[in-house]
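Hydrogens, waters and symmetry mates play no part in the numbers below; they use all other heavy atoms, side chains included.
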Amino acid sequence: MADKPLSLTQEIARIDEKLLTLLAQRTRLLAKAAQSRRAKGVGITDAQQEKTLWNTWRLASAKDNLDPQLARRLFHLTNTLAYARAEKDGGTDSLCLYPRRKPVRIDLDAPRDQILASILMILAAVNAEPVTVAPFQGTDLSLELMNALRQFGLNLTAEAESYSSTPVPSWSADNTIIYAGQGKFHLYLLLCLSLGRITKVKFTGSTRLKVHDLRPIQDFLPTLGARLTTIEPHSTGLPARLEASGQLPDSVTIPPGFSKKFILALAVAATTYPKGLVIHIEPGYKTSPLLRKGIGFLQELIPEIQFHDATIVVPPGPVRLGLRHADVPMDPLLSLHVLAFPFFHGGTARLRGTWPPHHPHLQSALDILEELGLRLEATEGHITATMTEPPVALDADLSSCPEYFPLILALTLGLKGPSTLRLPQEELLDTGAELLTALGVDFERTESSLHLNLPVHGRAPEGTWQSPDPFWTLAAALASFTRPGFCLSGADNVSSVWPWFWKIYMNLPEPQLFLSQPQEPATVHEQPQRKRIRIQS
């Protein structure tokens, strides 16, 4: 009997399998060449190699009558896969996790919110008086921004656990090359900071920014008296050249659907503009969690800033913060990964810092953590976590706090009964399913949920799991308390947001004995007011 002919979708799927196999092989080979060049102290890209490879693409695409511009774009994207792999330090090594399963006694500084830390670094750098920021946790992102601001002629000096700014008579990025690093928000901050004066500056960045589509920014910048031009043919990302006239309007209207990170960056940079700036945004944006958090923090530092009726009003510069010492609120999502340690084997975890007054989706996550038995209490400058009796099972809807899904999935593994996590984001569910498979956990997947068959019996973790981002790495570290021996690839990706996490993990149950920590503040309240954390988002 003849085989049933394949449908078009099945034929395409079969081709895609072959295509991805070849793409993975190409990525490995090109990454190997790039790593070899990097080991010799030269750039990871080779112009002659790319020219040779593109000539093959050009001839083949012309033969098959493919759109040359799209083919060129696809060529750049496939190269980027390899260069991104080559840029990962130790990305091919695996880390097998065997945590010390004892009651914890943790007393550490909390990790700070990266967005707010970047905002404060900009304001401190341009402030008219010296400012010291402590504690300072030098993540890759923070150090990249600090180095870029030094290229502007701003004076920032980093110490072991703090940094200080010293006012300078003038500053400018004119006729310089600025490395924006790997973050879009930092690129937007540096672009907007350049707009307040006559400037010609070239921006470069990591692989991620090389494939970032800057065309919406290019179309909008003439409104602010500037022009952004990409340098490489057929590229829509970095490197790019900015030419700014320094002639800024009194007000500007942001186009619909525009990047909220750019709007926040513009508001921050506008504090340096001589006339300030009035920014009109879409009515729907006035409830944006990112803008509420960022503008709220700006208003704490500069009370004259207004945000109402879809309008942000930034008063004329220069910035005068009116303080000599500053700190950044903690990052709740990062912090909860340490505050959750008592969930598995008891004990106490205390982090020094302040919960931010404006943070999206936090209360929904805290409600689920309380349901899991994790009790959080706040005193002035401290957050303490202890465990009460956990439930046998959990049935939770994370639709309102999807960024907390990896954390809560990892904690759910410690329960004794079948549990269900509901979430409409297919990509997050896919990654969660991959992690559960690697951990050897039986589960059932639907379009909008994962049903975990707990407890786990017999099966050992399977192979090595490649973590896609820092927050899945943190979740995998927590999962290892219930599945010791689990091996993780790409574990170093967490260093970009939290350099000290693995030192904390490896030195449990009392990591502070092995880490240098700042001294407690001199002022001690004999009877601090304790309260359950209840933050309205």
**Message:** Are F341 and M387 packed together at the side-chain level, in the sense that at least one heavy-atom pair is separated by less than 4.5 angstrom?
**Reply:** no
**Asked** Looking only at side chains, do E377 and T384 share a donor and an acceptor under 3.5 Å apart?
**Response** no
**Prompt:** Between S162 (side chain) and A134 (backbone), is there a donor-acceptor pair under 3.5 Å?
**Reply:** no
**Item:** Distance, nearest 0.5 Å, that separates CG of D109 from CE of M330
**Value:** 9.0 Å
**Request:** Indicate whether the side chain of S164 and that of T132 have a donor and an acceptor atom separated by less than 3.5 Å.
**Result:** yes
**Asked** Just by modelled atom types, is the L156 backbone N or O under 3.5 Å from a matching donor or acceptor in the S165 side chain?
**Response** no
**Message:** Less than 4.5 Å apart, side chain to side chain, heavy atoms only: is that true for L454 and T412?
**Reply:** yes
**Asked** E282 side chain to G257 main-chain N or O, any donor-acceptor pair under 3.5 Å?
**Response** yes
**Request:** State which residues pass side chain to side chain contact (heavy atoms under 4.5 Å, CB included) with L81; sequence neighbours excluded, sorted by chain then number.
**Result:** L23, T27
**T272 OG1 to N127 CG distance, which is reported to the nearest 0.5 Å** = 12.0 Å
**Request:** Check for a donor-acceptor pair, side chain of R324 on one end and backbone N or O of P130 on the other, with a separation under 3.5 Å.
**Result:** yes
**Request:** Could you tell me whether a side-chain N or O of S449 sits under 3.5 Å from a main-chain N or O of R445, the two making a donor and an acceptor?
**Result:** no
**Prompt:** Will you find, in the side chains of S142 and Y163, an N or O donor that is under 3.5 Å from an N or O acceptor?
**Reply:** no
**Asked** How far apart are the closest heavy atoms of G440 and R483, and which atoms are they?
**Response** O-NH2, 3.9 Å
**Request:** May I ask you to decide if D107's main-chain N or O and Q512's side chain share a donor-acceptor pair within less than 3.5 Å?
**Result:** yes
**Message:** Do Q306 and H308 pair up side chain to side chain, a donor and an acceptor below 3.5 Å, judged on atom types alone?
**Reply:** yes
**Asked** Just wondering, do R350 and L339 contact through their side chains at under 4.5 Å, heavy atoms?
**Response** no
**Request:** Evaluate the side-chain proximity of V338 to Y505: yes if any heavy-atom separation is below 4.5 Å, no if none is.
**Result:** no
**Message:** With a 6.0 Å cut-off (strictly less than), is the heavy-atom count around CZ of R320, excluding the residue itself, greater than 12?
**Reply:** no
**Message:** Looking only at the side chains, is there a donor atom on one of S118 and Q114 sitting less than 3.5 Å from an acceptor on the other?
**Reply:** yes
**Message:** Check whether D367 reaches the backbone of S364 with its side chain - one donor and one acceptor, N or O, closer than 3.5 Å.
**Reply:** no
**Prompt:** Taking R105 for the side chain and L508 for the main chain, is one N or O donor matched with an acceptor at less than 3.5 Å?
**Reply:** no
**Message:** Any heavy-atom pair between the side chains of L362 and Y404 that's under 4.5 Å?
**Reply:** yes
**Prompt:** According to the interplanar angle, ranging from 0 to 90°, do the rings of W498 and F501 count as parallel (below 30°), tilted (30 to 60°) or perpendicular (above 60°)?
**Reply:** tilted
**Message:** So that I know where these two stand, are Y285 and F258 an aromatic pair - ring centroids less than 6.0 Å apart?
**Reply:** no
**Message:** Under a plain distance cut-off of 3.5 Å, with no hydrogens placed, do Q151 and N147 share a side-chain donor-acceptor pair?
**Reply:** no
**Request:** First locate atom CZ of F486, then atom CZ of F481, and finally report the distance between them rounded to the nearest 0.5 Å.
**Result:** 14.0 Å
**Item:** Single hit among V133, D327, L334, D331 for side-chain contact (heavy atoms from CB on, under 4.5 Å) with R112
**Value:** D327
**Request:** Please identify each residue that fulfils side chain to side chain contact (heavy atoms under 4.5 Å, CB included) with H451, with sequence neighbours left out.
**Result:** P418, T420, E444, N453
**Asked** According to the interplanar angle, ranging from 0 to 90°, do the rings of Y188 and F262 count as parallel (below 30°), tilted (30 to 60°) or perpendicular (above 60°)?
**Response** perpendicular
**L394 backbone acceptor or donor facing S419 side chain under 3.5 Å** = yes
**Asked** Under 3.5 Å, is there a donor-acceptor pair between the side chain of H186 and the main chain of K184?
**Response** no
